[in-house]
Amino acid sequence: MANHLHIYDEATVKPWCNSRANEKKAWQSIALLDTHVEPLQAMQDAAQFGIKYVLLGICEDIGPRANLGNGGAEDGWQAFLKRFLNQPDNQFLANEKVLLLGEVAINDLTQAARDLSNQNPQQLAQLRELCAQLDQRVEQVLSLIFAAGLEPIVIGGGHNNCLGIIRALSKHKQTAINAINFDPHADFRDCEGRHSGNGFRYAYNEQHLGHYHVIGMHELKNNQAIIDALAAAQFNYDSYQALQVRREKTLTEACQQALATLTHAPLGVEVDLDSISLMPVSAYTNCGFSVSDAEHFVHLAASQINSHYLHLCEAAPNQHPSGMQAGISDAGQIITALVNAYLQAREHA
Ligand SMILES: N=CN[C@@H](CCC(=O)O)C(=O)O
């Protein structure tokens with residue numbers, strides 16, 4: 001299979017970088033991959049030199065559209081980069097352990113999907129087929145990262161991409177993995193063709209997902225079949241209503257209790273940004289969690305010794321009510337805040 005990785009070099013990154021006199025920026029500490037050796041070897045070499053974390057983008061909205069949702073998730077990654085790369089570099093973040101790898105190469109798939117309507121049944125089926133091809137590419141790139149002993153932070157695209165990540169980690173570790181997901185949707189819909197609403201269901205059916213817990217699942221945003229399927233799999237959740245409306249336990253208690261049940265296998269940390277109020281996403285909400293709640297979730301999950309990756313998905317800057325520029329600004333800031341929370345917690349795990 002061809003290598004589906006678009007590796008960034010200095011020329012790719014330069015347009016996103018700003019400078020300020022007497023201030024070192026994050027991009028001046030972050031590493032790029034050596035393109036003179038093949039990618040796996042280059043990543044293994046990077047690991048030898050002290051790199052621990054890999055930033056990887058997925059610029060697609062095929063998955064959300066194949067789930068009858070809105071487009072725009074292809075722009076989350078660049079919104080993040082413009083903000084993250086230009087943070088001041090200081091003692092509070094280990095930028096020198098971060099490799100900016102690049103993106104999964106999917107231009108042909110996004111081109112093929114561009115004019116397909118999810119309102120037309122045949123075109124919807126085509127979107128779902130393209131999403132399955134995307135899964136394979138995500139898995140291939142993630143397999144390289146795990147094989148090099150590095151920890152991916154995967155940004156952009158729909159929640160469909162959890163499947164490629166989980167497949168790669170599960171095959172690498174030769175065991176079903178666990179996942180904790182901060183999300184109003186369980187993404188445990190039927191295996192009706194691939195899309196952003198059924199990645200965890202496919203992963204479970206393929207025996208790559210051992211235990212799964214959803215934090216903040218909205219009681220009225222999941223159909224009965226999803227809730228029944230979660231119960232049949234013996235997967236658990238703490239609902240948005242239990243945490244935020246009825247206040248039966250705190251977010252901290254819910255996360256700590258859930259994480260205590262997920263210690264016996266590699267752990268994936270998943271955040272669907274549509275958990276956050278007013279976030280520009282396909283499924284926009286003003287009845288969600290705050291940004292600091294999401295940061296706290298990431299902090300607690302990343303503090304687990306068995307955490308193996310962070311996946312931040314579904315940001316769609318064009319869905320901001322005030323337009324694209326406001327969406328890029330909000331998505332950039334919020335994704336950056338969550339990556340910062342992850343990197344800081346991992347350094348102390
Ligand atoms: N990952 C998101 N899943 C939601 C989609 C909501 C939307 O895009 O509108 C779901 O399947 O319900």
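Just follow the structure's listing: the first ligand is 1, and inside any ligand the first atom is 1.
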Angle between ring planes, [X] versus [Y], binned at 30° and 60°: parallel, tilted or perpendicular?
X: His6; Y: Tyr8; value: perpendicular
X: Phe188; Y: Phe235; value: perpendicular
X: Phe200; Y: Tyr212; value: parallel

Worksheet item: Would you call Pro64 a ligand 1 contact, heavy-atom distance under 4.0 Å?
Response: no

Worksheet item: Has His195 got any heavy atom lying under 4.0 angstrom from an atom of ligand 1?
Response: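 It does not; every heavy atom stays at 4.0 Å or beyond.
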
Response to the item:
Honestly, for Leu68 the part within reach of ligand 1 (heavy atoms, under 4.0 Å) is neither

Discussion item. One residue to check: Asn67. Relative to ligand 1, which of side chain, backbone, both or neither has a non-hydrogen atom less than 4.0 Å away?
Written reply: side chain

Practice prompt. Is it possible for you to check whether Arg346 lies under 6.0 Å from the centre of the six-membered ring of Tyr53, through NZ or CZ, and within 45° of that ring's axis?
Written response: no

Response to the item:
Here the atoms of ligand 1 under 4.0 Å from any heavy atom belonging to Gly197 are 11 (O)

Practice prompt. Output the list of atoms in ligand 1 that are nearer than 4.0 Å to some heavy atom of Asp272, sorted by atom number.
Written response: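 Near Asp272, the atoms of ligand 1 are 1 (N), 2 (C).
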
Looking only at protein heavy atoms, identify the closest one to [atom] and say how far it is in Å.
atom: atom 6 (C) of ligand 1; result: Ala283 CB, 3.7 Å
atom: atom 8 (O) of ligand 1; result: Ser282 OG, 2.8 Å
atom: atom 12 (O) of ligand 1; result: Arg189 NH2, 2.9 Å
atom: atom 1 (N) of ligand 1; result: Asp187 OD1, 3.0 Å

Fill in: Audit row: Phe84, Trp77, ring pair (Phe, Tyr, Trp, His ring centres under 6.0 Å) steps and yes/no
CA-CA 10 Å; Phe84 183 79; Trp77 167 242; 9.4 Å; no

Discussion item. According to a hydrophobic-cluster definition based on side-chain heavy atoms being under 4.5 Å apart (Ile, Leu, Val, Met, Phe, Trp, Tyr only), do Ile30 and Leu310 belong together?
Written reply: yes

Discussion item. Out of the candidates Tyr202, Tyr204, Tyr309, only one should pair with Ile166 under the side chain to side chain contact (heavy atoms under 4.5 Å, CB included) rule; please name it.
Written reply: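 Going through Tyr202, Tyr204, Tyr309 one by one, the side chain to side chain contact (heavy atoms under 4.5 Å, CB included) with Ile166 is satisfied by Tyr309 alone.
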
Item to complete: Tell me whether the centres of the aromatic rings in His185 and His159 are closer together than 6.0 Å.
Response: no

Item to complete: Report yes if some N/O of Asp274 lies less than 3.5 Å from some N/O of ligand 1; otherwise report no.
Response: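 No, since none of the N or O atoms of Asp274 sits under 3.5 Å from an N or O of ligand 1.
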
